Amino acid sequence: MAAPGPSNFIRDIVLEDLKANKYGGRVQTRFPPEPNGYLHIGHAKSICLNFGLAAEFGGKTNLRFDDTNPSKEETEYVESIKENVRWLGFDWEDRLFYASDYFDQLHEWAVTLIKAGKAYVDDLTADEIRMHRGTLTEPGKDSPYRKRSVEENLDLFERMRAGEFPDGSRVLRAKIDMASPNLNMRDPVMYRILHAEHHRTGNKWCIYPMYDYAHGESDSIEEVTHSICTLEFEDHRPLYNWFIQQLGIFPSRQIEFDRLNLTYTLLSKRKLLQLVEEGHVSGWDDPRMPTISGIKRRGYTPEAIRNFCGAIGVSKTNGSIELAMLEHFVREDLNKRAQRVMAVLRPLKVVIDNYPENQIEEMDAVNNPEDPSAGTRKVSFSRVLYIEQDDFREDPPKQYYRLSPGREVRLRYGYFVTCTSVVKKDQGEVAEVHCTYDPQTRGGNSPPDGRKVKSTIHWVSAAHAIDAEVRIYDNLFLKEDPNQTEAGQNFTANLNPKSLEILSPAKVEPSLANATVGNRYQFERLGYFCVDPDSAPGKLVFNRTVALKDTWAKIEKKTEKGSPKR
RNA sequence: UGGGCCGUCGACUAAUGGUAGGUCAAGUGCCUUUGGAGCACUUUGUCUAGGUUCGAAUCCUAGCGGCCCAGCCA
């Protein structure tokens, strides 16, 4: 048993069922992805819910691939899904299942239903079936094949299975009610003919069960007690229950919850696939993608994602979580664990004129103020440094506390420096800044006279810094709801052309020389960054996971409205 | 327009007929060798109208609004 999980209505139901001893005190859940794409943060919500709930009550969670459609499913996807679930920190132990494990049983049950007069082979074309289905407001019409004898149905279904008929020529349908107000009950298709190779069963089958026929039974076979799924399957529940009742098999209880929506992001496997296929992103694991692989590469931690999933709750209202909520949980987690380091993204040369030409000092820097056990390290200080271009303004606006002519600031763990002059390029652009330092402020300590400084900025020693490429990410989409488009456009019209900005060369402190892929750091005053797999020996590539909260950016944005900037 | 589901601060979510609370966001102040972090404080909410009740976010009725369903996809 684990600690109590976050309260929600599904947990309440489980609690009630436990109290009523409904399943002999058992809690069995499952996470049932279709292996037709990569998992995304929305799936993480479901994974946390299913695994979390079972763990809390000493139950088990199965990983089951709902692989009933061979034309869309691939082994690459099952591997990525297994890896992602594991990375998130969950373990299905020996309970890895596939709906395809149940194809024989499902087929046998289909025969049972035919024998009971509850299923029939229909020769209508797909178009004809659609026309017979009726509409939302009008009942459907019975297929002319609905009254076939059991013998004929058995014979035809067997010949479907034997491969006698071409794709699409016949289907097996449940015989329920063509006048049902619930369209799912209007004689739904159970089996279709698909002469396609399945990623696991190969060419054994040329008929494949529909999800609606396979899903409930798969849960039943696994004796899943609480079958948790998203809202759109609510209308399907009566159908799943119908099959279970006709067959007299273990009744799992289906409970539906709202799928995750996140502002500025798309959570649809189909659309994510489109982004990959059309090359709008570099792949399923592009750090701008909301896939587990993408946010992992971006530098998110499993803990942050789990905390997020716990915090957003579970309900049946369809809403959209602000992206800021997700970002909060990465910052919260990384703040505690990420080592601090100094890095300059857009370098501006600073010369400290009164600092001895060949002198180098090793300054002590704290690795993580949130975690004293992380210790300290040395950083080299010298006469020529780089600071952030943003940290200098020749003509500082109100409330800008950083370096500007005549102003003194602290170089973190270095010295107090005062800007004395500026060297410009022909175009008037600032090429370098000259300063003087106060030797009495070594380590960045306040001088004996008690002089205070309004700002502390980061720096790297020009002679010691190493080059790196830094990738800055912004939202992939410009609109809160990427699906909101004008007529004739699709969501790709909302793509943010500036979602990726590459900064190179950035200058980072030399302690980063042996950073390895996946390592996460806080670049002081900038944000959290991690080493990208594109890195190679001597060529570091960092992804910005998320920026630090930026009070100055907020002030600047606010004043920008009223008055022109600068 | 048939059926199903859902409406609580800007966002998400609690309150299970009895004080509308939490998180994020926003704002203010304190603190600070990160304009980070932390701490303190503040603003804003029960879709509407009736009804039941000593008492309603909660129960009932009627409206209004949103989402889903007419794949041989899942």
Side-chain angles (χ1 to χ4, degrees), chain A residues 6-9 12 32-34 36 66-69 71-73 122 124-126 129-131 133-140 167-173 180-186 188-194 207-208 210-212 214-215 229-238 256 258 263 269-270 308 311-329 331-332 335-336 340 342 365-366 369-370 399-402 410-414 416 441 443-446 453-458 522-527 547-555:
Chain A
S7 172
N8 60 61
F9 80 100
D12 291 344
E34 182 192 11
N36 68 341
D66 271 336
D67 54 352
T68 54
N69 186 350
S71 58
K72 288 185 176 177
E73 296 150 8
D122 196 343
L124 255 27
T125 64
I129 287 182
R130 177 163 34 80
M131 285 175 337
R133 191 152 27 227
T135 68
L136 294 177
T137 52
E138 301 161 78
D167 286 4
S169 57
R170 277 173 240 259
V171 290
L172 182 72
R173 293 228 255 168
S180 172
N182 180 349
L183 267 37
N184 295 120
M185 302 299 271
R186 319 243 261 228
V189 172
M190 294 166 59
Y191 270 92
R192 73 287 218 190
I193 301 173
L194 241 35
I207 57 171
Y208 290 93
M210 296 288 291
Y211 172 88
D212 272 354
H215 190 77
C229 66
T230 43
L231 254 22
E232 69 270 26
F233 294 104
E234 209 151 16
D235 286 339
H236 298 237
R237 176 160 27 98
E256 307 84 10
D258 64 320
T263 57
K269 270 201 260 181
R270 206 204 91 227
F308 168 74
I312 58 177
V314 181
S315 73
K316 299 186 73 156
T317 56
N318 34 31
S320 204
I321 311 272
E322 289 172 350
L323 192 58
M325 182 80 125
L326 214 211
E327 292 180 338
H328 163 78
F329 284 96
R331 286 197 193 98
E332 182 187 63
N335 176 47
K336 285 180 295 192
R340 272 60 169 173
M342 289 199 283
V366 172
E370 303 293 319
Q399 294 182 82
Y400 182 90
Y401 303 143
R402 282 108 96 146
R410 169 167 33 235
L411 293 176
R412 177 149 237 227
Y413 305 126
F416 279 25
T441 58
N445 291 309
S446 293
V453 102
K454 290 204 90 165
S455 156
T456 299
I457 66 176
H458 61 276
Q522 184 195 97
F523 288 0
E524 293 224 20
R525 302 206 307 129
L526 298 174
L548 248 26
K549 284 212 260 179
D550 190 344
T551 306
W552 166 243
K554 222 178 272 181
I555 293 168

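Note that the structure is a prediction, hence the values are computed from the model and not measured. Per chain, numbering begins at 1; letters A, B, ... match sequence-line order.
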Q) Which part of the nucleic acid, if any, lies within contact of A/His458, taking any heavy atom under 4.0 Å across all strands shown: a base, the sugar-phosphate backbone alone, or nothing? A) nothing
Q | Which nucleotide in B/A37, B/C67, B/G35 has an atom nearest any side-chain atom of A/Asn318 | A | B/C67
Q. Between atom CE in A/Met190 and atom P in B/G71, what is the gap in whole Å?
A. 19 Å
(Q) Both A/His328 and A/Arg237 contact RNA chain B. Taking the nearest nucleotide for each, which residue is further toward the 5' end? (A) A/Arg237
Q: Check every strand shown and say whether A/Arg331 touches a base, only sugar-phosphate, or nothing at a heavy-atom separation below 4.0 Å.
A: nothing
Q: Could you work out which one of B/A70, B/G2, B/U34 sits closest to the side chain of A/Arg340?
A: B/U34
Q) Between the side-chain atoms of A/Asp235 and the base atoms of B/G3, is any donor-acceptor pair under 3.5 Å? A) yes
Q. Is the distance from OP1 or OP2 of B/U13 to the nearest side-chain N or O of A/Thr317 less than 4.0 Å?
A. yes
Q. Base, sugar-phosphate, or nothing for A/Asp12, non-hydrogen atoms under 4.0 angstrom?
A. base
Q | Distance, rounded to the nearest Å, where A/Ile312 contributes CD1 and B/C12 contributes P | A | 11 Å
**Q.** Closest to the A/Met210 side chain, choosing from B/G71, B/G35, B/A37
**A.** B/G71
(Q) So, OP1 or OP2 of B/G35: does either fall under 4.0 Å of a side-chain N or O from A/Ser455? (A) no
Q: Could you grab the distance from atom CG of A/Asp235 to atom CE of A/Met185, nearest 0.5 Å is fine?
A: 11.0 Å
Q: Name the closest nucleotide to the A/Leu548 side chain, picking from B/U13, B/G35, B/U34.
A: B/U34
Q: Nearest whole angstrom, please: distance from the C1' of B/C39 to the CD of A/Glu332.
A: 15 Å
Q) Under a 4.0 Å N-O cut-off, is there an ion pair linking A/Lys72 with A/Glu34? A) no
Q.
To the nearest 0.5 Å, what is the distance between OG1 on A/Thr68 and CD on A/Glu73?
A. 6.0 Å
Q. At under 4.0 Å between heavy atoms, what does A/Leu323 touch on the DNA or RNA strands: base, sugar-phosphate, or nothing?
A. nothing
Q: Could you work out the separation of B/U53 and B/C12 based on their P atoms and round it to a whole Å?
A: 36 Å
Q | Whether A/Thr230 side chain and A/Glu232 backbone form a donor-acceptor pair below 3.5 Å | A | no
Q.
Any base atoms under 4.0 Å from A/Leu136, or only sugar-phosphate, or nothing? Heavy atoms, all strands.
A. base
Q) Contact class for A/Pro369 (heavy atom, under 4.0 Å): base, sugar-phosphate, or nothing? A) base
Q: Could you tell me whether A/Val171 contacts a base, only the sugar-phosphate backbone, or nothing, with contacts defined as non-hydrogen atoms closer than 4.0 Å?
A: base
**Q.** Base B/G36 paired with A/Glu370 side chain (donor-acceptor, <3.5 Å)
**A.** yes
(Q) For the P atoms, the ones on B/G55 and on B/G18, what distance do you get once it is rounded to whole angstrom? (A) 14 Å
Q. Looking across every strand, which nucleic acid part, if any, lies under 4.0 Å from A/Tyr413 by heavy atom: base, sugar-phosphate, or nothing?
A. base
(Q) Could you check whether the side chain of A/Arg402 and the base of B/G35 have a donor-acceptor pair of N or O atoms closer than 3.5 Å, going by distance alone? (A) yes
Q: For B/C59 versus B/G17, give the span between their C1' atoms, rounded off to a whole number of Å.
A: 8 Å
(Q) Rounding to an integer number of Å, can you tell me how far A/Asn36 CG sits from B/A74 P? (A) 9 Å
Q | Pairwise side-chain contact, A/Glu370 with A/Arg340, heavy-atom cut-off 4.5 Å (strictly under) | A | yes
Q: Measure the acute angle between the ring planes of A/Tyr400 and A/Trp552, then classify it against the limits of 30° and 60° as parallel, tilted or perpendicular.
A: perpendicular
Q: Starting at CZ of A/Arg412, measure out to CD of A/Glu524 and round the result to the nearest 0.5 Å.
A: 4.0 Å
Q) With sugar-phosphate meaning primed atoms plus P, OP1 and OP2, does A/Asn8 contact a base, only sugar-phosphate, or nothing at under 4.0 Å between heavy atoms? A) sugar-phosphate
Q.
Base, sugar-phosphate or nothing for A/Tyr208? Non-hydrogen atoms, less than 4.0 Å.
A. nothing
Q) If the P atom of B/G63 is compared with that of B/G2, how far apart are they to the nearest Å? A) 11 Å
Q: Give a yes or no on whether a donor-acceptor pair under 3.5 Å exists between the nucleobase atoms of B/G10, that is its base, and the side chain of A/Glu322.
A: yes
Q) Which whole number of Å gives the distance between the P atom of B/A49 and that of B/C64? A) 15 Å
**Q.** Nearest-angstrom distance from the residue atom CD of A/Glu327 to C1' of B/C24
**A.** 11 Å
Q: First locate atom CG of A/Leu183, then atom NE2 of A/His236, and finally report the distance between them rounded to the nearest 0.5 Å.
A: 10.0 Å
**Q.** Shortest side-chain distance from A/Lys72, nucleotide among B/C73, B/C6, B/A74
**A.** B/C73
Q: May I ask you to evaluate whether A/Arg192 reaches the phosphate of B/G71, defined as a side-chain N or O under 4.0 Å from OP1 or OP2?
A: no
Q) Under 4.0 angstrom, heavy atoms only, what part of the nucleic acid is A/Glu138 near: base, sugar-phosphate, or nothing? A) nothing
Q: Name the nucleic acid region contacted by A/Thr68, choosing base, sugar-phosphate or nothing; use a 4.0 angstrom heavy-atom cut-off, strictly under.
A: sugar-phosphate
Q: Counting heavy atoms from C-beta on, name the nucleotide in B/G2, B/U34, B/A74 closest to the side chain of A/Thr456.
A: B/U34
Q | Pairwise P distance, B/A15 and B/G7 [rounded to whole Å] | A | 12 Å
Q: Check whether any side-chain N or O of A/Thr551 sits under 4.0 Å from OP1 or OP2 of B/G36, and answer yes or no.
A: yes
Q: Nearest whole angstrom, please: distance from the P of B/C67 to the CD of A/Glu234.
A: 16 Å
Q. For B/A26, does either OP1 or OP2 sit under 4.0 Å from a side-chain N or O belonging to A/Lys554?
A. yes
(Q) Between B/U58 and B/U8, how far apart are the two P atoms, rounded to whole Å? (A) 13 Å
Q | OP1 or OP2 of B/A37 under 4.0 Å from side-chain N/O of A/Lys549 | A | yes
Q. If anything within 90° of 0 is syn and all else is anti, what is B/G27?
A. anti
**Q.** Separation of atom CD in A/Glu524 from atom P in B/G36, rounded to whole Å
**A.** 13 Å
Q.
Taking only the C1' atom of each, what is the distance from B/U23 to B/G66 in whole angstrom?
A. 24 Å
Q) Under 4.0 angstrom, heavy atoms only, what part of the nucleic acid is A/Gly444 near: base, sugar-phosphate, or nothing? A) base
Q. Across the strands shown, which category fits A/Tyr400 at heavy-atom distances under 4.0 angstrom: base, sugar-phosphate, nothing?
A. base
Q) Under a 3.5 Å cut-off for both distances, is B/U58 Watson-Crick or wobble paired, and to whom? A) none
Q | Rounded distance [0.5 Å steps], CG in A/Asp212 versus CZ in A/Phe233 | A | 7.5 Å
Q) Taking the side chain of A/Arg130 as heavy atoms from C-beta outward, which of B/U13, B/A70, B/U34 is closest to it? A) B/A70
**Q.** Whole angstrom value for the distance that separates C1' of B/C68 from CG of A/Asn182
**A.** 11 Å
Q.
Nearest 0.5 angstrom please: A/Asn69 CG to A/Met210 CE, how far?
A. 8.5 Å
(Q) Reading RNA chain B from 5' onward, which residue's closest nucleotide shows up sooner: A/Pro181 or A/Arg525? (A) A/Pro181
